[in-house]
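In what follows, a single structure is set out as structure tokens and then discussed.
Only this structure's heavy atoms are used, side chains among them; waters, hydrogens and symmetry mates stay out. Lettering of chains follows the sequences in order, A, B, ..., and the numbering in each one begins at 1. Everything quoted here is computed from the prediction, not taken from an experiment.
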Amino acid sequence: MIKREKIKDLLNSTSFNTDVRVMGWVRTFRNNQFIALNDGSCMGNIQIVVDFNNTPEELLKRITTGAALAVDGILVASLGKGQKVDIKAVNIEILGDSNAEEYPLQPKKHSLEFLREKAHLRFRTNTFNAVFKVRHALAFAIHQFFNEKNFVYMHTPVITASDAEGAGEMFKVTTLDFDKTPRTENGKVDFSEDFFGRATNLTVSGQLEGELAAMAFGQIYTFGPTFRAENSNTTRHLAEFWMIEPEVAFADLENNMQLAEDMMKYVINYALSNCQEEIAFLNERLLEEEKQKPQQERSELSLVEKLNFCLTNEFERLTYTEAIQILKHSKPNQKKQFKYLIDEWGADLQSEHERYLVEKHFKKPVILTDYPKDIKSFYMRMNDDNKTVAAMDILFPGIGEMIGGSQREERLDKLTKRMDEMNIPQEELWWYLDTRRFGSAPHAGFGLGFERLVLFVTGMTNIRDVIAFPRFPKNADF
RNA sequence: UCCUUGGUAGCUCAGUGGUAGAGCAAGUGACUGUUAAUCACUUGGUCGGGGGUUCGAAUCCCUCCCAAGGAGCCA
């Protein structure tokens, strides 16, 4: 028997008149004669030409959209205009039938909302083929970037006992029987009877554990699933998402910003050069979509232009205080077009403000630094002004916050003081505080929401379309 | 969780008080170098669920569920 070949290789082949064998799934079957076959090796289909006069009616009827086939045939130069090569079928074997009356994917354009409900089948569409290839490339590029810089990939725990991080609502992890939970004398659930002997949750961040490792390896990163039980129903939040969290010893906020910008450019560049076909497709898809919109709402740059723009321009860096000044004097603020008007220093920035800075004022990624201490986490390093902390948020057009990071507070007295002020129990984080007791050192790190990166690079607009099986409130299908 | 807009055939939608429609898909047939093939015919609906108003409800009211977009929370 001949060895099976990948469609990707055959589409570029010029070895005409050779016997080939392919396997794949039917995308369309036109004219009782032309099968567009896809095997996932690339976005393109190979055209199988069927000699329908010498093929049993029985078999022709079973060549339906979605059916899996094994085809033996001869590779020939195509007579048609749409493609360079055809396979003249000699023998077609149906590996798996696909009932055309029941198969949900039709040879036509489907809405993303519809495909979201068919998440088990949506990989079979061009759009999702492209999205998940790009997702793969980005994940690979992230590992390659850190590996080249000699970072150590740490696997931080998915189940944690600390609930003091304040990053968000947590999912409880328990084996207790809900119908008869053990109770303490004062009526509370007795978690000492639970599997771990204490209350546990799914992690909301690997940062604290990451810091422990960074204080030995010097530079580490994590890349794993993260969970937030927030009741968020937006196009950029998930209950289960993947996060990349580098942590670097002997680094300050400046180093941290540089690392983040370098990483973003590295992985975007990797995707551009390794997913040309996919990104070209997504670029076209987005252009088509934008055509539906009124002129005003269309973006100035195409997807490819936007990605290239990111690579060739420095991210704009400015402090929170400078941003407030810009916003205060901005047109929408003067004309009271903001829903939340910028009045004085200290307020948290709303999405509309971030969007103005990124999309209207600077028109490129922006790194905002040195936020007021009161709107940031306890572990961020206090600046000399005692008002701001060495925090940074990287804002991207269309996405908002892509990265959040900071230089960490390495001074034990200042750290414990902040914890007291923010009511964070020190005894629960004794192990974290130990790093400040024994050989503390300046260090910094950040968290990158992987799906938000995939959103940006694919030009998709809903985060539920860039993760295979999205988890969000009221939804855990598949 | 809040605000807005929606939920009608497998899909995308029209129908705004008088008894259910189109295009595509699917089925049957014709045609055969097509490119989401084309042409003809056919099938297909508890109009999101429940309750109410009315002689009569897809249409009006109440309520619940679900979806999209925006907000908050954040990555």
Item checked: Stacked pair A/F34-B/A37, distance under 5.5 Å, angle under 30° -> no
Check every strand shown and say whether A/F241 touches a base, only sugar-phosphate, or nothing at a heavy-atom separation below 4.0 Å. base
**OP:** Using a 4.0 Å heavy-atom cut-off across all strands, classify A/G80 as base, sugar-phosphate, or nothing.
**Re:** base
| Does A/T28 have a side-chain nitrogen or oxygen under 4.0 Å from the phosphate oxygens OP1 or OP2 of B/A37? | yes
Which part of the nucleic acid does A/K61 contact within heavy-atom distance under 4.0 Å: base, sugar-phosphate only, or nothing? sugar-phosphate
In numerical order, the residues of residues 337-347 of chain A whose heavy atoms come under 4.0 Å of RNA chain B are none
Next on the checklist: Need one value for A/N462: base, sugar-phosphate or nothing, where a base atom within 4.0 Å counts as base even if backbone is also close, heavy atoms only.
Outcome noted: sugar-phosphate
- [ ] Give a yes/no on whether any side-chain N or O of A/R236 is located under 4.0 angstrom from OP1 or OP2 of B/G70.
- [x] no
Ranking B/G70, B/G33, B/C73 by distance to the side chain of A/E230, first place goes to B/C73
Look only at the side chain of A/H237 and the backbone of A/T234, and say whether a donor-acceptor pair between them is shorter than 3.5 Å. no
Testing B/C73, B/A75, B/U1 for proximity to the side chain of A/H237, the answer is B/C73
Can you say whether a donor on the side chain of A/Q83 sits under 3.5 Å from an acceptor on the base of B/U34, or the other way round?
yes
What's A/F450 touching, base or sugar-phosphate or nothing? Going by heavy atoms closer than 4.0 Å.
nothing
### Donor-acceptor pair present, A/S232 side chain and B/C74 base, under 3.5 Å
no
Checking all strands, does A/S78 fall into the base, sugar-phosphate, or nothing category for heavy-atom contacts under 4.0 angstrom? base
inquiry  = Checking the side chain of A/H353 only, and the main-chain atoms of A/Y340 only, is there a donor and an acceptor separated by less than 3.5 Å?
reply    = yes
| said: Heavy atoms only, 4.0 Å cut-off, all strands: where does A/P107 land among base, sugar-phosphate and nothing? | reply: base
Would the base of B/U35 count as contacting A/N31 through its side chain, where contact means a donor and an acceptor less than 3.5 Å apart? no
Looking only at B/A75, B/G10, B/A68, the nucleotide nearest the A/Q106 side chain is B/G10
Q) B/G69 phosphate, OP1 or OP2: any side-chain N/O from A/T234 under 4.0 angstrom? A) no
Report task. Pick base, sugar-phosphate or nothing for A/I403, based on heavy-atom distances below 4.0 Å to the nucleic acid. Result -> sugar-phosphate
- Query: Between A/R62 and A/E58, is there a salt bridge with N-O shorter than 4.0 Å?
  - Reply: no
Next item on the list: Would you kindly check whether a donor in the side chain of A/H110 faces an acceptor in the base of B/C11, or vice versa, at under 3.5 angstrom?
Entry: no
Considering only heavy side-chain atoms of A/R228, the closest of B/C74, B/A67, B/G33 is B/C74
Query raised in the report: How about A/K363 and A/E359: do any of their side-chain heavy atoms sit closer than 4.5 Å?
Result: no
